[in-house]
2 protein chains.
Amino acid sequence: MPERAVAGGKENSVETPVESTRERLLNVAEQRFGEGGYEGTSLRAITVAAAANIAAVNYHFGSKEALLRAAVARAMAPVNTERRRRLDQLEAKGRPTAEQLIRAFVEPGLELVLRRGERGPMVARFIGRIAFDPSQRIRELYAAESDPVEARYLAALQAALPRAAPESVAFGYVNMLGLLALHQSQALTRPPGDPVDPADDPGKLAENLIAFLVAAFDRGLRA
Amino acid sequence: MPERAVAGGKENSVETPVESTRERLLNVAEQRFGEGGYEGTSLRAITVAAAANIAAVNYHFGSKEALLRAAVARAMAPVNTERRRRLDQLEAKGRPTAEQLIRAFVEPGLELVLRRGERGPMVARFIGRIAFDPSQRIRELYAAESDPVEARYLAALQAALPRAAPESVAFGYVNMLGLLALHQSQALTRPPGDPVDPADDPGKLAENLIAFLVAAFDRGLRA
DNA sequence: GCATAGTTCAAACGGACGTTTGAATGAGAG
DNA sequence: CTCTCATTCAAACGTCCGTTTGAACTATGC
């Protein structure tokens, strides 16, 4: 066995933290699915990059789709946790404003995932890509991971915007979801150098997107 | 040969207007690529549905990707034409407002394509899907079809919003592009019955989206 | 009539796909 | 040491993929 974490040992090697085959598969799946989509990425490409045997996928997860499901769940967990935490905090202090809610929803998706470490952008692109995969089957797989907390935000937004019709708030909400996913997937950043790159700085991107959405929610929804 | 238009004849059969193999392939490709994406749709599925031989694709187009390219060009042509026409008309009467520009850009994408006949929604979904395909190669294929007229709109928008920084206008512009594509692809309409369906009526959808975007452009862009 | 060019056809090409198998390998428990 | 069980491995499974081939068919011009 080439590289394997010691089960009982209290230390990992200092230089390269040893990852299990399962973890390596999830990491590479995150990257490759984010780059090429689900259909466009083969298990062989994943297992080669992860230095794992093809059969390891079916041993650890059961199938290609189950691998994707596990990767989505792992990637979404911290985002959902942070969104829940922020919403709890806001609601503990009374009825939140639309801007507070938008910020609490968008920032965990962009910041918490665009910032930290090397893998951040990969995770963001992965989530954004899966959320709007061509296959409805895959999209539902993502929706199942994020629906509960999303429902809470939708209800809070409707309470924060009593002058707008509920359908209008829902319309704004799916627009927020979609724009966030598109920026996460980096599909909006035009291929070459190009005239302008709106997302050169993740922090700026978050502020620009929030300002854009706040204006649209506050004044762009029908009664 | 089962069904084939008579070349010299002056009339087609009254009941079923006969389509050429080439046209049938383009029609079915539009539908299937729009449903399953490029990678998720096989040439065999297309040729079976089009009642054509597999080799017909390579005879008429050369390859799967060339078939997609031809379908994109055909689908985008009327949209681009209409956008150009509207922009010419607006600019002939002086400097257009942001709302006029947004309307002239969004409506041809939604209305002209969502309304007419049975095939409208299929074409819309096809365009929306290809515009944000997981593969950058496919996305560039779409961009090549719509870039020229898009560049004119971007310039006009920047002139209409002198208080906003050019990068901010470009940011709003890609957001408009992305939201339009997402609504066209119907990826934002949640799968089942669901709490609310924001896009029940195409006409309403256009007005809602335009109002949303106008508010965001007018008040949501940084200086 | 015949020749010609444009299309369609069944069949096969090599390769890549997701999945499965059964043996080999490893560490920990008795 | 021996047994056990989790994990890894090379190899093969059958299926589907995009593409190519070469013959058959069709309409038109001579």
Side-chain angles (χ1 to χ4, degrees), chain A residues 1-13 18-29 32-33 35-71 133-135 137-138 141, chain B residues 1-13 18-29 32-33 35-71 133-135 137-138 141:
Chain A
M1 182 177 301
E3 38 185 340
R4 184 76 178 79
V6 193
K10 66 171 107 172
E11 85 290 320
N12 281 339
S13 165
V18 183
E19 297 168 316
S20 68
T21 297
R22 196 187 142 89
E23 285 168 332
R24 271 180 289 130
L25 285 173
L26 284 173
N27 290 341
V28 175
R32 298 298 233 257
F33 283 148
E35 288 171 0
Y38 180 72
E39 293 279 359
T41 304
S42 71
L43 282 187
R44 280 174 173 83
I46 292 174
T47 52
V48 166
N53 191 278
I54 263 259
V57 171
N58 287 281
Y59 174 75
H60 286 285
F61 302 96
S63 68
K64 181 185 182 183
E65 186 172 320
L67 168 63
L68 174 66
R69 183 165 24 244
D133 187 273
S135 162
R137 174 184 198 78
I138 306 298
L141 200 147
Chain B
M1 182 178 300
E3 37 185 342
R4 182 77 179 79
V6 192
K10 65 171 108 172
E11 84 290 321
N12 281 338
S13 166
V18 183
E19 297 168 315
S20 67
T21 298
R22 197 188 142 89
E23 285 169 331
R24 270 179 290 131
L25 285 173
L26 284 173
N27 290 341
V28 175
R32 299 304 177 111
F33 283 147
E35 288 170 0
Y38 180 72
E39 293 279 359
T41 304
S42 72
L43 282 186
R44 279 175 172 82
I46 292 174
T47 51
V48 166
N53 190 277
I54 261 256
V57 171
N58 286 281
Y59 174 76
H60 286 285
F61 301 98
S63 69
K64 182 185 181 184
E65 188 172 317
L67 168 63
L68 174 67
R69 183 166 21 247
D133 187 274
S135 162
R137 174 186 197 76
I138 306 298
L141 201 147

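No hydrogens, no waters, no symmetry mates; every other heavy atom, side chains included, goes into these values. Chain letters run A, B, ... following the sequence lines, proteins first and then strands; every chain starts at 1.
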[N], OP1 or OP2 - any side-chain N/O from [X] closer than 4.0 Å?
X	N	result
A/N53	D/dT7	no
B/H60	C/dT8	yes
B/T21	C/dT8	yes

Gap between atoms [atom1] and [atom2], on [X] and [N] respectively (whole Å):
X	N	atom1	atom2	value
A/R32	C/dG18	CZ	P	13 Å
A/F61	C/dT19	CZ	P	13 Å
A/L25	D/dT8	CG	C1'	12 Å

My understanding is that only residues two or more places apart in sequence, or in another chain, count here; which of them pass side-chain hydrogen bond (donor to acceptor under 3.5 Å, both in side chains) with A/E39? none
Contact letters for nucleotides 13-19 of chain D, in which S counts primed atoms plus P, OP1 and OP2 and B counts the base, heavy atoms under 4.0 Å: ----BBB
Taking five pairs at each end, how big is the angle between the two axes of the helix from C/dG1-D/dC30 to C/dG30-D/dC1, to 10°? 10°
Side chain proximity check, A/L67 to A/I46, heavy atoms < 4.5 angstrom: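 Touching, per the 4.5 Å side-chain cut-off.
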Minimum heavy-atom separation for B/A56 and B/T21, please, with both atom names. CB-CG2, 4.1 Å
State, to 0.1 Å, how close B/A49 and B/R32 come at their nearest heavy-atom pair, and which atoms those are.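 Smallest interatomic distance, heavy atoms only, reads CB-NH2, 3.3 Å.
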With sequence neighbours excluded, residues passing salt bridge (Lys or Arg N to Asp or Glu O under 4.0 Å) with A/R22: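 Expected list: none.
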Only counting residues at least two apart or in another chain, list the ones meeting salt bridge (Lys or Arg N to Asp or Glu O under 4.0 Å) with A/R44. none
Nearest 0.5 angstrom please: B/R24 CZ to B/T47 OG1, how far?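 Atom-to-atom, B/R24:CZ and B/T47:OG1 are 11.0 Å apart.
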Residue pairs, two or more places apart or on separate chains, that pass side chain to side chain donor-acceptor pair (under 3.5 Å) and touch residues 54-65 of chain A: A/E65-A/R137
